[in-house]
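From a predicted model like this one, the values you see are computed outputs, not experimental measurements. Counting starts at 1 for both ligands and their atoms, in listed order.
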Amino acid sequence: MSDHVLPAISADPSAILAGVSRRSVLRAGMSLGAVAAFGGATFAGTRSAFAAVAQPTISSCAAWGAAAATSPISINNYRPTKILIHHTATANSTDLSQAHAFALSRSIQQYHFSRGWIDTGQHFTVSRGGFITEGRHRTLETLAGGSTFVLGAHCTGQNETSLGIENEGTYTSETPPAVQWNKLVDLCAFLCQSYAIPASELYGHRDFLSTSCPGNLFYAKLPELRNAVAAKLGSPPPPPTRTWPTLQSGASGFRVTTLQYLLRYRGSTITADGAFGAGTKSAVVSFQSANGLAGDGIVGPNTWEQLVVTVTQGAVNEAVRGVQTALTARGYNVSVDGNFGSGTKAAVVSFQNASGLTADGIVGPDTWAKLVI
Ligand SMILES: [Zn+2]
């Protein structure tokens with residue numbers, strides 16, 4: 001189970017503690033700034049001044065019978081700035097009981113022990129029956145304080161800045177049940193309120209690492225999740241986290257060619273000729289219909305968000321041709337051969353540096369968006 005977490009979790013979270021104290025100071029400052037920017041006068045006061053969202057019931061480690069952590073839990077002495085959504089990649093159980101939720105939590109903890117981790121990796125788990133459990137020990141204790149959080153192990157590179165929520169199930173071809181979804185909204189809203197995290201800062205695991213988690217159909221609902229959380233917080237709906245171009249029939253140019261390569265990556269056999277004709281529209285409609293989107297043939301933010309795929313050095317596929325097409329159009333000297341080699345990586349890093357992105361050479365959604373905007 002949890003196949004998505006295997007390459008994604010730091011095997012030894014303590015290894016990333018170096019330098020935390022200096023960053024703690026910086027992040028504490030940033031968090032205070034975020035409070036002021038996010039909520040203005042009503043949000044910048046004491047915590048009680050914006051206690052509009054009640055804490056949902058969260059069963060503690062003691063309640064579900066967690067084993068003791070094998071090492072002391074590390075605490076980040078600052079607030080998290082974002083929340084990452086995962087799915088457990090376990091079966092879509094029809095057992096909606098609390099007993100099942102508790103058994104799942106114990107099972108995940110044992111699984112994570114078997115990976116050599118000191119405790120459950122994530123901070124929270126939401127069962128398909130809508131039961132929320134504490135993940136790593138001391139998560140609830142730090143949440144109550146609202147100014148620190150437990151160093152989890154749910155996404156390498158993000159553990160120092162994010163909370164991780166595992167949602168029971170596999171959501172590649174179905175969406176989470178309403179009771180689970182509603183509890184997730186409640187939990188996210190409460191976490192955002194407690195830690196002054198804007199509703200825009202809810203992400204999928206795949207936004208940061210090459211993984212299918214939290215599944216295509218759950219990932220597609222993240223804009224809806226952000227909006228629902230914002231509504232609960234009484235804040236305006238967050239703007240889309242990324243800006244994408246809108247492409248439709250009659251469009252032409254490298255953006256269309258890139259789109260066509262992405263459609264080919266997704267199984268279409270259209271020619272990548274840079275002209276948005278009837279064949280491209282048909283391929284777009286097919287993709288949209290297969291992914292729970294309105295099949296209007298117009299490629300806007302929701303379609304782009306689901307169409308792009310994270311690619312890194314070593315990938316050989318049509319999506320890489322899309323990257324190379326866009327890089328070429330932007331003046332980088334790379335071959336459009338579909339082979340993500342060192343030359344392509346160097347161009348990506350250069351482009352990322354020039355675009356204010358994290359220069360990691362990995363083409364994830366943020367880099368895709370900048371490439372095609
Ligand atoms: Zn995940």
Side-chain angles (χ1 to χ4, degrees), residues 1-13 16 80-93 101 104-105 107-128 132-136 139 149-177 180-181 183-185 187-188 191 197 201-226 229 241 291 305-306 308-312 358 360 362-366:
M1 71 186 213
S2 297
D3 61 305
H4 69 287
V5 299
L6 297 187
I9 292 180
S10 171
D12 178 12
I16 59 174
T81 55
K82 52 184 173 295
I83 299 172
L84 269 58
I85 303 301
H86 303 263
H87 69 170
T88 58
T90 53
N92 288 339
S93 173
L104 175 74
S105 290
S107 168
I108 290 173
Q109 187 189 31
Q110 289 302 317
Y111 175 66
H112 288 177
F113 281 150
S114 79
R115 304 302 306 172
W117 303 333
I118 63 169
D119 197 0
T120 301
Q122 73 273 15
H123 298 88
F124 302 96
T125 308
V126 184
S127 78
R128 284 170 59 81
I132 306 172
T133 54
E134 182 180 29
R136 183 157 290 199
T139 294
F149 69 109
V150 162
L151 175 66
H154 61 99
C155 180
T156 299
Q158 301 301 319
N159 293 318
E160 290 178 291
T161 54
S162 68
L163 298 171
I165 302 175
E166 286 281 356
N167 293 274
E168 182 192 7
T170 301
Y171 298 110
T172 50
S173 59
E174 60 182 274
T175 53
Q180 183 181 31
W181 172 263
K183 288 294 181 173
L184 177 65
V185 171
L187 176 60
C188 288
L191 295 175
I197 301 171
E201 298 306 299
L202 298 169
Y203 296 97
H205 188 178
R206 69 168 63 175
D207 286 326
F208 300 98
L209 287 174
S210 182
T211 170
S212 62
C213 179
N216 280 349
L217 294 196
F218 206 141
Y219 186 73
K221 286 174 72 70
L222 292 188
E224 184 182 337
L225 179 64
R226 296 183 191 106
V229 169
T241 53
N291 288 277
E305 290 278 345
Q306 289 210 52
V308 297
V309 57
T310 297
V311 288
T312 60
T358 302
D360 56 8
I362 299 168
V363 182
D366 288 340

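Considering just the N/O/S atoms of His86, the one nearest the Zn ion (ligand 1) carries the name ND1. Looking only at its N/O/S atoms, His205 has ND1 as the one nearest to the Zn ion (ligand 1).
Screening His112, Gln109, Arg136 against Asp119 for a side-chain hydrogen bond (donor to acceptor under 3.5 Å, both in side chains) leaves a single residue, Gln109.
With a cut-off of 2.8 Å, the Zn ion (ligand 1) has an N, O or S atom of Cys213 in range.
Taking the six-membered ring wherever Trp is involved, the centroid distance between the rings of His154 and His205 does not fall below 6.0 Å.
The nearest pair of heavy atoms linking Glu160 to Phe149 is O-CZ, 3.3 Å.
At least one side-chain heavy atom of Gln122 sits under 4.5 Å from a side-chain heavy atom of Ile108.
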